2 protein chains.
Amino acid sequence: MSLRSQLLKGVLEGCILSIINRQSTYGYELSVRLQEFGLSDVSEGSIYPILLRLQKEKLIEGTMQKSDLGPKRKYYHLTEDGQHALREFMEQWENIKLPVDNILNKGGETD
Amino acid sequence: MSLRSQLLKGVLEGCILSIINRQSTYGYELSVRLQEFGLSDVSEGSIYPILLRLQKEKLIEGTMQKSDLGPKRKYYHLTEDGQHALREFMEQWENIKLPVDNILNKGGETD
DNA sequence: AGATGCTACCTTGCATAACAAAGTAGCTTA
DNA sequence: TAAGCTACTTTGTTATGCAAGGTAGCATCT
């Protein structure tokens with residue numbers, strides 16, 4: 001019922017899980033990271049709702065920490081469930097990437 | 001405003017454009033093709049609405065043709081706009097695939 | 001003729017994802 | 001105290017994909 005069968009919705013979610021898994025981080029920095037990776041269209045309006053959703057699903061946990069400059073930051077890290085979900089997502093990404101590549105690349109050939 | 005900035009929503013749409021571009025086809029067969037490619041979760045409830053949408057957006061055109069067996073089929077082919085959209089989609093797919101791969105694969109390394 | 005089953009298309013309604021926009025608040029610098 | 005950056009949150013909108021159900025043509029079997 002909640003096994004994501006929708007094609008690719010949730011790629012952002014998976015990317016966020018992966019980045020957090022690599023190193024505990026917070027929303028604002030996440031948006032910078034994603035941009036660095038080349039996902040430049042991603043806005044905070046997308047990121048924070050996802051973080052809240054992941055939190056509610058117990059895939060990540062956040063703790064407030066003071067920062068030198070500016071307001072406190074909410075640092076997130078993956079839970080066990082989150083790591084499991086990340087692994088699942090990575091599999092699904094592979095399972096979808098291949099067919100899509102095949103469909104798109106074999107543009108003019110007859111079998 | 002309509003330049004798809006959403007991350008990956010619409011991959012199905014792009015795949016359908018690509019398959020139709022390769023060879024004029026109709027909805028029912030499309031679902032078989034997608035399955036053959038490995039996108040087995042895709043149901044008619046997804047395909048036909050997309051075909052109608054693409055039609056409305058003038059990316060594809062359909063013509064009814066009699067079939068030897070069973071009811072008439074609606075064969076679709078791409079319009080010029082459709083071919084343009086397909087090219088755009090393929091670029092976007094590449095632009096997103098790379099970052100996502102990078103984010104997912106470099107799971108444990110520190111730069 | 002009637003029933004079943006496959007082909008083939010279409011529609012309605014729902015869940016969810018991503019986004020824009022706006023709001024809140026802390027800290028710094030001028 | 002005003003401006004500007006950091007940082008988080010919420011609300012409302014759009015669009016995607018799907019399940020479910022409906023319509024209908026044709027073939028086959030009984």
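Chain naming here is simple, since letters A, B, ... match the order of the sequence lines and numbering starts at 1 in each. These numbers were taken from a predicted model, which means no experiment stands behind them.
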| request: For B:Glu29, check salt bridge (Lys or Arg N to Asp or Glu O under 4.0 Å) against everything at least two apart and list the hits. | output: B:Arg33

| query | Residues in salt bridge (Lys or Arg N to Asp or Glu O under 4.0 Å) with A:Glu36, at least two apart? | reply | none

Listed partners of [X] passing side-chain contact (heavy atoms from CB on, under 4.5 Å), at least two apart:
X: B:Lys58; value: none
X: A:Gln55; value: A:Leu52, A:Ile60, A:Lys74, A:Tyr76
X: A:Ser67; value: A:Arg73
X: B:Asn95; value: none

| Near DNA chain C, which residues from residues 76-86 of chain A have a heavy atom under 4.0 Å away? | none

| request: Please list residues of residues 49-63 of chain A whose heavy atoms come under 4.0 Å from any atom in DNA chain C, ordered by number; otherwise none. | output: A:Ile50, A:Arg53

Classify [X] by what it touches in the nucleic acid, base, sugar-phosphate, or nothing, heavy-atom distance under 4.0 Å.
X: B:Glu29; answer: nothing
X: B:Gly27; answer: sugar-phosphate
X: A:Ser43; answer: sugar-phosphate

| N/O (side chain, B:Tyr28) to phosphate O (OP1/OP2, C:dC9) under 4.0 Å | no

| A:His77 atom NE2, over 12 foreign heavy atoms within 6.0 Å | yes

| message | Closer than 3.5 angstrom, by distance alone: can the side chain of A:Tyr48 be matched with the main-chain N or O of A:Tyr28 as a donor-acceptor pair? | response | yes

| Which word best sums up how the rings of A:Trp93 and B:Trp93 line up, parallel for under 30°, tilted for 30 to 60°, or perpendicular for over 60°? | tilted

| Quantified as the angle between the terminal helix axes (five pairs each), what is the overall bend of the helix from C:dA1-D:dT30 to C:dA30-D:dT1 to 10 degrees? | 0°

| said: List the residues meeting side-chain hydrogen bond (donor to acceptor under 3.5 Å, both in side chains) with B:Ser31, not counting sequence neighbours, and say none if there are none. | reply: none

| said: Once side-chain hydrogen bond (donor to acceptor under 3.5 Å, both in side chains) is applied, do any residues pair with B:Arg53, and if so which ones, sequence neighbours excluded? | reply: B:Glu13

[X], nearest nucleotide to its side chain (from [options]):
X: B:Glu44; options: C:dC9, D:dC8, C:dA18; result: C:dC9
X: A:Ser46; options: C:dT7, C:dA18, D:dC8; result: C:dA18
X: A:Lys74; options: C:dT7, D:dC8, D:dG17; result: D:dC8

| How does protein contact run along nucleotides 23-30 of chain D, one letter per nucleotide 5' to 3', with B for base contact, S for sugar-phosphate only, - for none, heavy atoms under 4.0 Å? | --BS----

| Value rounded to 0.5 Å, distance of CD1 in A:Ile16 from CG in A:Leu30 | 5.0 Å

| task | Using atom CD1 of A:Ile16 as one end and atom P of C:dA18 as the other, report the distance to the nearest whole Å. | result | 8 Å

